[in-house]
2 protein chains.
Amino acid sequence: MKRPTIADIARRAGVSKGAVSYALNGQPGVSEATRQRIVAIAQEIGFNPNSAARALSGASARAVGLTLSRPARILSIEPFFMGLISGFEAELAARSYALTLQVVATPEQEVEVYRRWWGERRIDGVIVTDLRENDVRIPVLQQLQLPAVVIGGPGDTGKIAQVWSDDAGAITETVRYLVALGHRRIARVSGLPGLLHTQTRTRAFNDICAALGLTEALTVPSDYTGEEGGRATRRLLIGTERPTAVIYDNDVMAVAGLAVAQEMGLAVPGDLSIVAWDDSPLCSLVHPPLTALSRDIAEYGAHAARELLAAIDGKQVSNVEAGTAHLTPRGSTAPPR
Amino acid sequence: MKRPTIADIARRAGVSKGAVSYALNGQPGVSEATRQRIVAIAQEIGFNPNSAARALSGASARAVGLTLSRPARILSIEPFFMGLISGFEAELAARSYALTLQVVATPEQEVEVYRRWWGERRIDGVIVTDLRENDVRIPVLQQLQLPAVVIGGPGDTGKIAQVWSDDAGAITETVRYLVALGHRRIARVSGLPGLLHTQTRTRAFNDICAALGLTEALTVPSDYTGEEGGRATRRLLIGTERPTAVIYDNDVMAVAGLAVAQEMGLAVPGDLSIVAWDDSPLCSLVHPPLTALSRDIAEYGAHAARELLAAIDGKQVSNVEAGTAHLTPRGSTAPPR
DNA sequence: CTCCACAACTTACCCGGTTCAGTAAACACT
DNA sequence: AGTGTTTACTGAACCGGGTAAGTTGTGGAG
């Protein structure tokens, strides 16, 4: 089948290509009557502008890029990214931007992908996740002047917009809640230590524990996988002075931690309370259901997409906080025995 | 920053644009010495061909499309799709094709997206998941002559290539295994009944149960969500003649089913054996770990991507079976008490 | 020495939109 | 009536690659 072009429309409407272009883009330069006639013809023959031609003549590519830099085995089970993607999509589809995805292994590869995309003019902007300290991607994006939005700060990203949620506030609330229940030995199994938001959480965790006089606040670094989360939990629970509550940096590790506790014959929440960060259906469907730090991840993604589209439109955007995760108590937390 | 173009390379190399194009694409028409000089310059200035220009001049867009047609709440937790995406990516990245993603709500919307992508010349082909009976997408793809690969057959897709795994064989093996353990009352919680592979599984399940003389083989339709899976499980377990084993069509429902059993005071696997379809880390990290039907989903995706790229290259492709899921026994299956 | 074949290029047009400069007609204003 | 100004267009250049057709230059055969 042949794709209809504006030349086809122009011929049928008896006008020039230029007039068709003005009419379809809502530009001034054609009369209302002509515009309606042209739009009707476009509708009728099912016209869609060739995105390549459009991108080539200076306009935008109407696409944004997202790189995912976790190994496949983590990506497949981590609900966070799919939630994020759904959120992006809702916003992007509304403005008919496409989302281009690439799975990468390292930040260096990610930089390569950004350079390639930029050179290919394939995308108008990128969404950057998992901000690190002195992130190598930031200077590259600035150099290329590629519109971007960073998720996972707050951090130093210069003029690049950020969307973040108040992790410090959330963890503070959680520790206060556990202490109110009577817990004194609270541990934490964290995500990848290189990520900025992990560091933010760890700092806030240490601060609030110190403020409340908890001397044994311990953070065990992990990597978001269930296996590692389970191992970290086992290590925490074999000590003589085992914690009575553990906070996990994602839901997958929390579920794994729950399984380890059950396997070791500990009652949850009687012997051990568990809190998961990032609520997902996963938390509700295990037994007992997990107390979790909930936030609307899709909305978080939608927010980021809106900021990115604004940046692409040339609007100066600033750092935006997208809302704090709030504690959703379920069956996995209780006063210690 | 200005993007380098072939004109820049041509100027620096002292040749014409055409020569550069021939050199970079490995076409005859330039001497080996000139080619190497041109390639070196391209390398040096970090040249990437503008994908829009390339797509416009008749060549391919070097991108393929994937639509995901499940609600966000299912997508976020279902490990299958992320595994599939990782698999695609591995293959696509190797040939530097981009993956364009769109989340849709209905098959009709999906068709709209295909039409738009085709009109925009944004993609060279699409990957179709969740094949249905009399799928509305198939005739559209044939009409548009858009290269495609279908995942989730086997079904009637005319000339469009299919990649599928032998679900009937897998479920037969599973039922035989459970019967060998001594189970006689085996139930199944299925995925969306409209999907062709769900129907394939149901038919095979009924057939093998009949062949083995199991009269109470019951399939309860569900929708892949944990909530629905849990509800279906509860309905199965409140009867007087409750099943001693349940097979779930995905891991999420299986985990939910496990939680329901635990909540109802049933021991797994003592009172109830559980089998999950599609192994994911999720199955190993609950307690007890779930016996699952494993297949390499990423490889499944990679396979599909290879077929699609072949179809785009104009090679005639046929239906391919991508390997059967095999039973991985873990702690959730045992002889009934 | 002439002619031909072929390699190694160059030239020019194509793809399908966007956009700017130009133009003719309609209209307003003095 | 004559002079701007505005409206509604047209025509052509342009984006950056791909490629068919044309042009050189070189070497070998006769």
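Convention: sequence-line order gives letters A, B, ...; per-chain numbering from 1. Remember, it's a predicted structure, so these values are computed and weren't measured experimentally.
The separation between B:Asn50 atom CG and C:dG16 atom P is 16 Å, rounded to whole Å. With rounding to whole Å, B:Ile9 atom CD1 is found 14 Å from C:dT10 atom P. Going from atom CZ of A:Arg3 over to atom P of C:dG17 covers 11 Å, rounded to whole Å. Regarding B:Tyr22, its OH atom lies at a distance of 10 Å from the C1' atom of C:dT10, rounded to whole Å. Counting to the nearest Å, the P atom of D:dC15 and the CG atom of B:Asp8 are 11 Å from each other. Per the geometry, NZ belonging to B:Lys17 stands 11 Å off C1' belonging to D:dT19, to the nearest Å. Rounded to whole angstrom, the span from the CZ atom of A:Arg121 across to the C1' atom of D:dG16 amounts to 10 Å.
Residue whose closest nucleotide on DNA chain C sits further toward the 5' end, between B:Gly119 and B:Ser16: B:Ser16. Between B:Ala53 and B:Val15, the residue whose closest nucleotide on DNA chain C is further toward the 5' end is B:Val15. Nearer the 5' end of DNA chain D, as judged by each residue's closest nucleotide, is the contact made by B:Leu56, out of B:Ala19 and B:Leu56.
Closest non-hydrogen pair, A:Gly26 versus A:Arg35, comes out as CA-NH1, 3.7 Å.
Put simply, CG on A:Leu92 and CD on B:Gln102 are 8.5 Å apart, with the number rounded to the nearest 0.5 Å. Rounding to the nearest 0.5 Å places CZ of B:Arg3 at 10.5 Å from CG of B:Asn48. The distance from the CD atom of B:Gln143 to the CH2 atom of B:Trp118 is 8.0 Å, given to the nearest 0.5 Å. How far OG of A:Ser57 is from CG of B:Leu56: 8.5 Å, rounded to the nearest 0.5 Å.
At a non-hydrogen distance threshold of 4.0 Å, A:Asn25, A:Gln27 from residues 23-42 of chain A come into contact with DNA chain C.
A side-chain contact (heavy atoms from CB on, under 4.5 Å) with B:Val64 is found for one member of B:Ile312, B:Val126, B:Val149 and no other, namely B:Ile312.
Contact between the side-chain N/O atoms of B:Ser21 and the OP1/OP2 oxygens of D:dG18 is found at a separation under 4.0 Å.
A:Gln43 CD: 12 or fewer foreign heavy atoms inside a 6.0 Å radius. Few gaps surround CG on A:Asp313; more than 12 heavy atoms of other groups in view lie less than 6.0 Å from it. Summarising the local packing, CG of A:Asn25 is surrounded by more than 12 heavy atoms from other residues, nucleotides or ligands at distances under 6.0 Å.
Across all strands, A:Thr5 comes closer than 4.0 Å only to sugar-phosphate atoms, never to a base (heavy-atom distances).
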Identify all pairs in which a protein N or O lies below 3.5 Å from an N or O of nucleotides 22-28 of chain C, and state each distance.
none

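Under 4.0 Å is where a charged nitrogen must lie from a carboxylate oxygen, and between A:Glu44 and A:Arg12 at least one such pair does.
Between A:Leu101 and A:Leu66 the shortest side-chain heavy-atom distance falls below 4.5 Å.
Using modelled atom types, no side-chain atom of A:Arg122 and backbone atom of B:Ser51 make a donor-acceptor pair closer than 3.5 Å.
The side chain of B:Arg54 sits closest to D:dG18 out of C:dG17, D:dA20, D:dG18.
Axis angle across the helix from C:dC1-D:dG30 to C:dT30-D:dA1, with five pairs used at each end and values rounded to 10°: 50°.
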